[in-house]
Number of protein chains: 2
Amino acid sequence: MTTGRPRAFDLDERLDRALRVFWRQGYEGTALSDLTEAMGISRPSLYAAYGNKEALFGKVLDRYMETAVHVREAFRQPTARSTAETLLRGTIAATTGEDGPGCLMVHGALATGGQSGAVRAEAAARRHAAEDALRERFERARREGDLPADVDAGDLARYVCLVWYGIAVQACSGAGSEDLGRAVDLAMRTFPGG
Amino acid sequence: MTTGRPRAFDLDERLDRALRVFWRQGYEGTALSDLTEAMGISRPSLYAAYGNKEALFGKVLDRYMETAVHVREAFRQPTARSTAETLLRGTIAATTGEDGPGCLMVHGALATGGQSGAVRAEAAARRHAAEDALRERFERARREGDLPADVDAGDLARYVCLVWYGIAVQACSGAGSEDLGRAVDLAMRTFPGG
DNA sequence: CTCGTTCAGTACCGATCGGTACAGAACTAG
DNA sequence: CTAGTTCTGTACCGATCGGTACTGAACGAG
């Protein structure tokens, strides 16, 4: 097994730089020249390391979920209520932070032209996965008696995700974290259980 | 005053066709060739009639607001609660309708590349205008005793808009009108007053 | 050292992007 | 009729799009 010349940059570190560009500009708003400039590598190096623009975006979405610590923290909470609250409060911090407003899974590829349909579908699939995970967490809460038996876990998960995405859009409109915090206060008042 | 050759197409009717393209594909996902093909006019005709792509998108946003009858209907409601409920239920119908999923003001230009910053800003400004109008409606409701004096009209407007935009994103994820209806049931439970 | 492999950057590919010059056609005013 | 104006489509503009051949350079194995 021969190894060849070693790569002169760190894959994950440059991926983070690509993440920031996609975050600010969305998938279709980002040109390869934007990426290579921000990542500090040449175009063929990008293709050799990550595939192509579409594959790079997929890896960026993976990286995005890995680094979204508030999501992991939310699922570690003991109750359904604190799971939802941690998720939404953390989303406020993430969407109004310094990496640019909004949430990559929401505005990264909400609507796309003909060529980029697969990217839009993948972003939607990840949103579905998040909603499914939340629904399963709420179903567990119901089994544990943490949530009343008459609440529908799927409906509740859809509502929490709806607030999540609403926060992301409001952040893109320039809403501040205090304003959004009061909106989450309102949203959590309808959450069942203690 | 001389008049010259008359235009061979109806401005508003072709604007509706452009609206449907932008709705499906967003601003940056839409190419001029997509527009001219759907509108059935040549490229110079488009520029003479509407300016350029950016100006056309602005006129499309105007047209979009004009044709959003559920918004006008909402503001004609007698109470703050029915205003919010009409707006959100109507949004469900509009975002899951046949013109493609989602809301043009949300996904039309949420995140854009360097050139299209003005378009993103304009979409955000229209969202702000909608929130302001809702806040003023709620302030009026408070003066009329329709809303309790201790509720903040701005916070409530922001929350309703947040749900509005959340519906739009969920619709882009493929959520159905029944699912979203139950989410609005939950969202309205936290609305103050009767 | 040589050889095979993998990375690096330059320079380029066809296609498409948004936008326009231009010439002819269709109209009104006189 | 002519003159002036405005719309029409063809054909084209430079710039940029995503993606790739190709030539060296930097490594480990032998």
Side-chain angles (χ1 to χ4, degrees), chain A residues 1-15 17-18 21-22 24-61 108-109 111-120 122, chain B residues 1-15 17-18 21-22 24-61 108-109 111-120 122:
Chain A
M1 174 91 181
T2 54
T3 52
R5 176 174 175 175
R7 182 172 286 118
F9 56 92
D10 180 70
L11 277 177
D12 281 342
E13 189 246 335
R14 306 303 169 111
L15 197 57
R17 302 202 206 174
V21 180
F22 277 130
R24 269 193 307 252
Q25 307 188 353
Y27 179 77
E28 285 183 326
T30 300
L32 279 189
S33 55
D34 297 329
L35 292 167
T36 54
E37 188 180 349
M39 298 169 82
I41 61 177
S42 71
R43 202 174 293 235
S45 294
L46 187 152
Y47 274 80
Y50 304 98
N52 59 9
K53 187 188 176 186
E54 185 176 325
L56 173 60
F57 187 71
K59 294 179 199 299
V60 159
L61 284 180
T112 63
Q115 324 273 20
S116 312
V119 174
R120 184 181 67 239
E122 182 163 350
Chain B
M1 174 85 181
T2 55
T3 54
R5 177 174 177 173
R7 183 172 284 119
F9 57 91
D10 180 71
L11 277 175
D12 281 342
E13 189 247 334
R14 306 303 170 112
L15 197 58
R17 301 202 207 176
V21 180
F22 277 130
R24 269 195 306 256
Q25 308 189 353
Y27 179 76
E28 284 183 327
T30 300
L32 261 304
S33 55
D34 297 329
L35 292 166
T36 53
E37 189 181 348
M39 299 169 81
I41 61 178
S42 70
R43 203 174 291 236
S45 295
L46 187 152
Y47 275 80
Y50 305 99
N52 60 9
K53 187 189 177 187
E54 184 176 326
L56 173 60
F57 187 72
K59 294 180 200 300
V60 159
L61 285 179
T112 63
Q115 323 274 20
S116 313
V119 175
R120 185 182 67 239
E122 182 163 350

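Values below: every heavy atom of this structure, side chains too, minus hydrogens, waters and symmetry copies. Note on naming: letters A, B, ... go to the chains in the order of the sequence lines (proteins, then strands), and numbering restarts at 1 for each one.
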Residues touching DNA chain D, which here means a heavy atom under 4.0 Å, drawn from residues 33-56 of chain B:
B:S42, B:P44, B:S45

Could you work out, with side-chain contact (heavy atoms from CB on, under 4.5 Å) as the rule, every residue matching B:A38, not counting sequence neighbours?
B:V21

Without decimals, in angstroms, what is the distance between B:R14 CZ and D:dC7 P?
15 Å

Looking only at heavy atoms, the pair that brings B:A49 and B:L11 closest together is CB-CD2, 3.8 Å

Contact list for residues 41-50 of chain A, test side-chain hydrogen bond (donor to acceptor under 3.5 Å, both in side chains), sequence neighbours left out:
A:S42-A:S45

Compile the donor-acceptor pairs under 3.5 Å between side chains in residues 113-120 of chain A and protein atoms, sequence neighbours left out, one pair per line.
from   : atom 1 : to     : atom 2 : distance (Å)
A:S116 : OG     : A:E28  : OE2    : 3.3
A:R120 : NH1    : A:T112 : O      : 3.4
A:R120 : NH1    : A:T112 : OG1    : 2.8

Take the protein atom CD of B:Q115 and the nucleotide atom C1' of C:dG19, then report the distance between them rounded to whole Å.
13 Å

Counting side-chain heavy atoms from C-beta on, which of C:dC17, C:dG24, D:dG19 comes nearest to B:A31?
C:dC17

On a plain distance test, is the side chain of A:R5 in donor-acceptor contact with the base of D:dC27 below 3.5 Å?
no

Would A:K53 count as a cation-pi partner of A:F22, with NZ or CZ less than 6.0 Å from the six-membered ring centre and within 45° of the ring normal?
no

Heavy-atom contacts under 4.0 Å between residues 6-13 of chain B and DNA chain C, which residues?
B:P6

Hey, could you give me the CG/NZ distance between B:L61 and B:K59, rounded to the nearest 0.5 Å?
11.5 Å

Holding to side-chain contact (heavy atoms from CB on, under 4.5 Å), I want the full list of residues that pass it with A:A18, two or more places apart in sequence or in another chain.
A:L35, A:M39, A:L56, A:V60

Minimum heavy-atom distance between B:G26 and A:A111, given as atom pair plus value:
N-CB, 3.9 Å

Would you kindly give the CG-to-C1' distance between A:L32 and C:dC17, to the nearest whole Å?
15 Å

